[in-house]
Amino acid sequence: MIIDADSKIIAEKGDTMKICITSQGKTLDDQVDPRFGRCQYFIFVETDTLAFEAVENPSAQFSGGAGIQSGQLMAGQGVKAVLTGNVGPNAFQTLTAGGIKIYTGISGKVRDAVDKFKGGALKPTENPNVGSKFGMPGKDK
Amino acid sequence: MIISVASGKGGTGKTTIAVNLALSLSNIQLLDCDVEEPNAHIFLKPKIKEKIPAFIPIPEVDETKCNACGKCREVCAYHAIAVIPPADGEKGKVLIFPHLCHGCGACSLLCPQKAIKEVNKEIGLVESGDSGDIKFVHGRLNVGEIMAPPLIRQVQERIDPSRTVIIDAPPGTSCPVIAAVKKSDYCILVTEPTPFGLNDLILAVEVLKKLNIPFGVVVNRSDIGDDKVDNYCRDNGIPILMRIPFDREIALLYSRGIPMVQGKPEYKEKFRAMFNIIRKGRS
Ligand code: SF4
Ligand code: SF4
């Protein structure tokens, strides 16, 4: 059973859910990428078995719409929660429309982020926490 | 004849050149196409007689017809659409991000369900009027709006072919600049004799060569930097049309919104001479 920081049950015992963590590399031991739409890799993890798949972010180089298309990818993959550093308004809207929970402010190793999530230490965010184009080179604010 | 005034970067005095050239000649129409930050009006103080909203067509989805097939998202080159697939008994849905939409029409054309219709979204205003004998038109892009090229095109629809047209283009070398200079017969590139100025000048020159538009250079604050811009122009056969040395008086006039030819009328002759070079160069 996975319980979040608000004591809401988000997955029953025996259930697994697919979550996605933005990562700077292809393994669970890589660091979380602070950008959502323009992260280097998405790591999709099954919470029960920790089976994972790393996918290079196809939208990382888009001049616009990277957050939207990354959000789209999450929805298409049936992801239930996204763990990342920062989410902009477009990605937030897309993920929310897809019923996907968003956890921001995540850093450190991907594996540790998954553990924290499973341990119920994380609280989903209710707002985008950066402006658009956050991950653009030269626009790091 | 249409003369555009452009610059590889902002702050070089592009608007100063456009405005003062306009004030030195007769039978002029000035189009301020720097729609994100128009400021020719600060110097020309035109009486605006007409304000027309500018629109682009953006898609609107009829949810009863849409089956969330995802085609519209695939065809959108600007990544402005997300399609959330149906899941957990919920119907799929289409999200449109209007501020990324370029109004190209691909999505509505290619939706297999004919579920998309186009609705107008206002992106800004085209304002026109007179400043003395000068006919004046400019575009003002709404705050937060990024679709400058369609607004620039709508400003240019008002070109009066019976006049000498001067276009104040946006700074830089991106799409809005190309939209602004594309129709011109000649382009004046304004630069400063600094390493940054040269770098941006070279980029702008490449663009104009691709567009096949003849051009020349005005060196502003010509005495503050080095001679690299001069050397570059000489080596590449680019005419230097005019040099304006740094002058405290000019800077002061500028900060008060007074065109330099009004404070320093001797410059009128120089602007006319420049116009004659441009006109001769074309014939
Ligand atoms: S192409 Fe048409 S039917 Fe398919 S998702 Fe888009 S709006 Fe819906
Ligand atoms: S009109 Fe063109 S740019 Fe706008 S959403 Fe449709 S396909 Fe994308």
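Order of the sequence lines fixes the chain letters, A, B, ..., with proteins taken first and strands second; residue numbering starts at 1 for each chain.
Taking every heavy atom of both residues into account, B:Pro85 and A:Gly76 meet most closely at CG-CA, 4.0 Å.
For chain B, the option among A:Gln69, A:Met74, A:Gln93 with the highest count of heavy-atom pairs below 4.5 Å is A:Gln69. Contact count against chain B (heavy-atom pairs under 4.5 Å) is highest for A:Ala97 among A:Gly65, A:Ala75, A:Ala97.
B:Asp62 is linked by a side chain to side chain donor-acceptor pair (under 3.5 Å) to B:Thr64, counting only residues two or more places apart in sequence or in another chain.
At a 4.5 Å heavy-atom cutoff, the contact between B:Phe97 and chain A is made by side-chain atoms alone. In this structure, chain A has no heavy atom under 4.5 Å from any part of B:Ile146.
A:Thr94 places a side-chain heavy atom less than 4.5 Å from the side chain of B:Ile84. Taking 4.5 Å as the limit, every side-chain heavy atom of A:Gln72 sits out of range of all side-chain heavy atoms of B:His79.
Within a 6.0 Å sphere centred on CD of B:Glu37, heavy atoms belonging to other residues, nucleotides or ligands number 12 at most. Heavy-atom neighbours of B:Tyr254 OH from other residues, nucleotides or ligands within 6.0 Å: at or below the threshold of 12. Other residues, nucleotides and ligands contribute over 12 non-hydrogen atoms within 6.0 Å of the NZ atom of A:Lys18. Heavy atoms of other residues, nucleotides or ligands lying less than 6.0 angstrom from CD of B:Glu122 number more than 12. Atom NZ of A:Lys26 is surrounded by 12 or fewer heavy atoms from other residues, nucleotides or ligands within 6.0 Å.
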So B:Leu100 and A:Asn90, side-chain contact (heavy atoms from CB on, under 4.5 Å) or not? Walk me through it.
CA-CA 10 Å; B:Leu100 289 175; A:Asn90 294 342; 4.2 Å; yes
